[in-house]
Number of protein chains: 2
Amino acid sequence: MSKQPKYEQVADALRREIDNGTYGPGSRLPSEAELATRFDASRNTVRAGLKLLVSQGLVTSSQGLGYEVSKHEVFELNASRFENLTFPQNGDAFSTDVTNAGRHPHQTFRVELTTTPEYVATRLKVETGSRSVLRFCHRFVDNVPWSTQATHYPDWLLAEAPRLAEPGDIAEGTTRYLASVDIEQIGYRDEISTRMPTPEEARLLEVGAGVPVMLWTRTGYSHDRPIRCTITTLRGDLNRMNYEIGDLSGRDGDESE
Amino acid sequence: MSKQPKYEQVADALRREIDNGTYGPGSRLPSEAELATRFDASRNTVRAGLKLLVSQGLVTSSQGLGYEVSKHEVFELNASRFENLTFPQNGDAFSTDVTNAGRHPHQTFRVELTTTPEYVATRLKVETGSRSVLRFCHRFVDNVPWSTQATHYPDWLLAEAPRLAEPGDIAEGTTRYLASVDIEQIGYRDEISTRMPTPEEARLLEVGAGVPVMLWTRTGYSHDRPIRCTITTLRGDLNRMNYEIGDLSGRDGDESE
DNA sequence: CGCGCGAACATGTACCAACAAGTTGACCGA
DNA sequence: TCGGTCAACTTGTTGGTACATGTTCGCGCG
């Protein structure tokens with residue numbers, strides 16, 4: 001019956017104990033040495049089992065401290081609400097949302113002129129190799145890295161909206177600014193995918209092994225062509241995206257009664 | 001300068017060679033022994049480096065065969081199109097979409113009466129512990145596991161739509177059937193999150209380490225209350241979700257000219 | 001009192017060895 | 001020719017050792 005490798009048995013036993021609350025979120029697991037004794041296994045074998053749990057995002061490890069059971073607080077992103085169509089995800093909206101949730105927002109901001117990456121060029125319908133303005137944002141909540149956001153604007157747009165290329169925030173928000181020069185975003189297309197972070201992403205978002213990232217690409221359209229492409233990279237363990245479509249009058253029945 | 005651990009150097013070197021095409025998608029990496037010689041490291045160290053790449057989803061390993069560079073073919077899910085509101089993701093739609101993409105669809109199907117899980121009960125606004133009909137679907141494309149889908153219908157709905165509890169497919173699709181008994185889905189709320197698969201999910205979807213799953217929950221509403229809750233578990237490496245919101249007439253400008 | 005150093009303990013890295021188990025292909029016999 | 005066996009390769013599992021490095025805490029010295 002012991003066809004299952006020993007390190008998997010270790011992982012399964014610990015997973016069960018995490019699930020049933022023996023080790024709650026935030027609590028520390030016994031040390032590798034203790035587990036080795038308990039399971040009558042070598043330290044290497046126990047480490048293999050723990051590595052499994054780490055790669056599944058259940059626990060994290062830190063040198064000198066031990067293994068800690070992960071806790072996930074999920075932040076909800078309402079991606080389809082009308083506010084987001086008119087004022088999509090500008091820095092102000094982020095700060096407001098986070099503050100409303102009783103948390104402390106923080107972000108760093110940077111503007112560059114770059115050659116358009118192919119992924120973005122396809123979506124903006126501009127030539128690969130053409131230039132675009134990149135407005136990049138690195139966001140934190142309570143000093144925990146939360147997401148990065150890179151918005152590209154095609155260079156033809158600069159003739160009409162030169163302030164996009166200026167460094168620093170646009171106080172009224174980019175969408176409102178664009179509307180003020182008669183460029184209105186009247187629709188968008190979202191693409192959502194997930195994968196493990198690249199080393200660069202792992203560094204920016206400070207995620208360890210076992211935490212995937214969610215990639216959210218929003219391409220915004222004016223009446224006749226794409227005007228922006230925003231790529232948001234979110235920590236998968238901290239975010240959930242919501243879309244509400246159609247008539248949801250029956251949604252909050254228990255609250256409205 | 002060699003502060004970086006050797007196994008990371010191995011991983012980085014191989015990652016670079018995968019990125020620049022030295023090892024293309026589907027090709028095999030040199031064996032652990034060869035890499036050990038090349039990097040002047042022990043087999044264990046090389047294995048640690050390879051494990052990193054595996055956990056990042058870049059390569060897969062199989063006993064007796066070696067390491068293979070992953071290839072990702074992404075399947076697009078259009079989640080916000082109107083068809084999906086009226087006929088959301090029934091088996092027929094899945095088969096049609098996949099066949100249109102020139103692939104071979106396949107699915108197994110099962111109907112159960114279960115106690116409603118808390119996650120679902122919250123969304124259906126029924127009491128935890130109440131019963132619901134679970135219609136479960138395990139889907140394959142070209143015999144590769146693609147997704148699982150579990151749709152729960154609250155038990156009060158059975159009085160009006162008894163066929164939901166019958167085993168086997170509903171030929172015209174569940175949404176159309178519900179409409180025929182005057183229960184129309186007029187809106188829905190989608191929630192999307194991502195995480196590493198549980199062992200159970202890894203088994204059903206045949207994903208190895210390094211491939212996250214995407215969780216897609218759709219709660220459908222009639223005019224006055226939730227009528228269904230669908231939880232779809234998708235292989236993260238094979239799927240991308242799309243939402244189109246607002247007016248996208250400018251989207252396909254190059255095609256319509 | 002406070003500061004620093006070090007002991008004790010945690011995980012991280014790196015190596016070695018041996019055997020288990022899956023895959024492939026060559027070889028040999030019927 | 002066909003079929004089976006086996007050698008030679010692959011990765012998987014498990015044990016061991018040693019030392020590096022990060023963290024905590026208490027002891028002792030200034």
Side-chain angles (χ1 to χ4, degrees), chain A residues 1-14 18 23 26-70 199 202-203 206-211, chain B residues 1-14 18 23 26-70 199 202-203 206-211:
Chain A
M1 270 313 125
S2 65
K3 294 277 291 289
Q4 197 188 25
K6 197 183 273 190
Y7 74 95
E8 277 187 20
Q9 296 175 26
V10 172
D12 287 347
L14 291 173
I18 290 170
Y23 302 110
S27 67
R28 259 191 54 191
L29 257 44
S31 73
E32 293 175 350
E34 288 175 73
L35 292 172
T37 305
R38 168 179 162 194
F39 290 105
D40 187 32
S42 73
R43 189 183 156 217
N44 279 345
T45 302
V46 170
R47 277 177 70 80
L50 287 165
K51 195 159 200 168
L52 251 187
L53 297 182
V54 170
S55 77
Q56 290 167 352
L58 281 171
V59 305
T60 59
S61 70
S62 28
Q63 193 172 356
L65 285 176
Y67 290 82
E68 184 174 310
V69 180
S70 307
R203 192 177 58 77
E206 287 175 26
V207 291
V211 176
Chain B
M1 271 308 125
S2 66
K3 292 279 292 288
Q4 197 189 26
K6 198 184 275 190
Y7 75 95
E8 276 186 20
Q9 296 175 25
V10 172
D12 286 346
L14 291 174
I18 290 170
Y23 302 110
S27 67
R28 260 192 55 194
L29 257 46
S31 73
E32 293 175 351
E34 288 176 72
L35 292 172
T37 305
R38 169 178 161 192
F39 290 105
D40 188 31
S42 73
R43 189 183 153 215
N44 279 347
T45 302
V46 169
R47 278 178 69 81
L50 287 165
K51 195 160 201 167
L52 252 188
L53 297 182
V54 170
S55 77
Q56 290 167 352
L58 280 172
V59 303
T60 60
S61 70
S62 27
Q63 192 171 356
L65 285 176
Y67 291 80
E68 183 174 311
V69 180
S70 306
R203 192 177 58 77
E206 287 175 26
V207 289
V211 177

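These numbers come from a predicted model, not from an experiment. Below, chain A is the first sequence line, B the second, and so on; all start at residue 1.
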Engineer: Rounded to the nearest Å, what distance is computed from the CG atom of residue A:Leu52 to the C1' atom of nucleotide D:dT14?
Structural biologist: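 Going from A:Leu52 (CG) to D:dT14 (C1'), I get 15 Å.
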Engineer: To the nearest angstrom, how far is B:Leu53 atom CG from D:dT11 atom C1'?
Structural biologist: 15 Å
Engineer: Both A:Glu8 and B:Gly64 contact DNA chain D. Taking the nearest nucleotide for each, which residue is further toward the 5' end?
Structural biologist: B:Gly64
Engineer: Would you please confirm or rule out a distance under 4.0 Å between OP1 or OP2 of D:dT23 and any side-chain N or O of A:Ser62?
Structural biologist: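 So the side chain of A:Ser62 is outside the cut-off, no N or O lying under 4.0 Å from OP1 or OP2 of D:dT23.
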Engineer: Rounded to the nearest 0.5 Å, how far does CG of A:Leu53 lie from CD1 of A:Ile18?
Structural biologist: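 Between A:Ile18 CD1 and A:Leu53 CG, I get 5.5 Å after rounding to 0.5 Å.
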Engineer: Just the rounded figure in Å: distance from P of D:dT23 to CD of A:Glu68.
Structural biologist: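 Roughly 13 Å, once rounded to whole Å.
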Engineer: Grab the two heavy atoms, one from B:Ala11 and one from B:Gly49, that are nearest each other, plus how far apart they are.
Structural biologist: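 Closest pair (atom of B:Ala11, atom of B:Gly49, distance): CB-O, 3.6 Å.
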Engineer: What about B:Gln63: does its side chain form a donor-acceptor pair under 3.5 Å with the base of C:dA21?
Structural biologist: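 Between C:dA21 and B:Gln63, which were checked side chain against base, a qualifying N/O pair under 3.5 Å is present.
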Engineer: Quickly work out the A:Asn44 CG to C:dC15 P distance and round it to whole Å.
Structural biologist: 14 Å
Engineer: Check the distance between D:dG15's P and A:Tyr7's OH and give it to me in whole angstrom.
Structural biologist: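 Roughly 13 Å, once rounded to whole Å.
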Engineer: Between D:dT11, D:dT14, C:dA10, which nucleotide gets closest to the side-chain atoms of A:Ser42?
Structural biologist: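 Nucleotide nearest to A:Ser42's side chain: D:dT14.
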Engineer: As an exercise, state the distance from CG of A:Asp40 to OG1 of A:Thr45, rounded to the nearest 0.5 Å.
Structural biologist: 10.0 Å
Engineer: The side chain of B:Glu32 is closest to which nucleotide in this list: D:dT11, D:dA20, D:dT17?
Structural biologist: D:dT11
Engineer: Say you draw a straight line from CG of A:Leu58 to CG of A:Leu14; how long is it, rounded to the nearest 0.5 Å?
Structural biologist: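 So the gap between those two atoms works out to 10.0 Å.
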Engineer: What is the distance, rounded to the nearest whole Å, between atom CD of A:Gln9 and atom P of D:dT13?
Structural biologist: 12 Å
Engineer: May I ask you to verify if any side-chain N or O of A:Arg47 is less than 4.0 angstrom from the OP1 or OP2 atom of C:dT11?
Structural biologist: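 No, because none of the side-chain N or O atoms of A:Arg47 sits under 4.0 Å from OP1 or OP2 of C:dT11.
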Engineer: Is A:Lys6 near enough to D:dG15 that one of its side-chain N or O atoms lies under 4.0 angstrom from OP1 or OP2?
Structural biologist: yes
Engineer: Classify the nucleic acid contact of A:Ala48 as base, sugar-phosphate or nothing, counting any heavy atom under 4.0 Å across all strands shown.
Structural biologist: nothing
Engineer: Specify the residue among B:Thr45 and A:Arg43 whose closest nucleotide of DNA chain C lies further upstream toward the 5′ end.
Structural biologist: A:Arg43
Engineer: Find the distance B:Leu29:CG to D:dT10:P and express it as a whole number of Å.
Structural biologist: 13 Å
Engineer: Atom NZ of B:Lys51 and atom CG of B:Asn44: how far apart are they, to the nearest 0.5 Å?
Structural biologist: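 These two atoms lie 10.5 Å from each other.
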Engineer: Rounded to whole angstrom units, what separation is found between the CD atom of A:Gln4 and the P atom of C:dA21?
Structural biologist: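 In whole Å, C:dA21 P and A:Gln4 CD are 15 Å from each other.
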Engineer: When you measure from the side-chain N and O atoms of A:Tyr67 to the phosphate of C:dG12, is any distance below 4.0 Å, counting only OP1 and OP2?
Structural biologist: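 True: A:Tyr67 side-chain N/O within range (under 4.0 Å) of C:dG12 OP1/OP2.
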Engineer: Among D:dT10, C:dC15, C:dA10, which is the nearest nucleotide to the side chain of A:Glu34?
Structural biologist: C:dA10
Engineer: Closest-nucleotide mapping onto DNA chain C: is A:Arg28 or B:Ala41 further toward the 5' terminus? I mean the 5' end.
Structural biologist: A:Arg28
Engineer: Heavy atoms from C-beta onward define the side chain here; which of C:dT24, D:dT24, D:dG15 lies closest to that of A:Leu65?
Structural biologist: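 Of C:dT24, D:dT24, D:dG15, D:dT24 is nearest to the side chain of A:Leu65.
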Engineer: Measure the spacing between NZ of B:Lys6 and CD of B:Glu8 and express it to the nearest 0.5 Å.
Structural biologist: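 Interatomic distance, B:Lys6 NZ to B:Glu8 CD, rounded to 0.5 Å: 13.5 Å.
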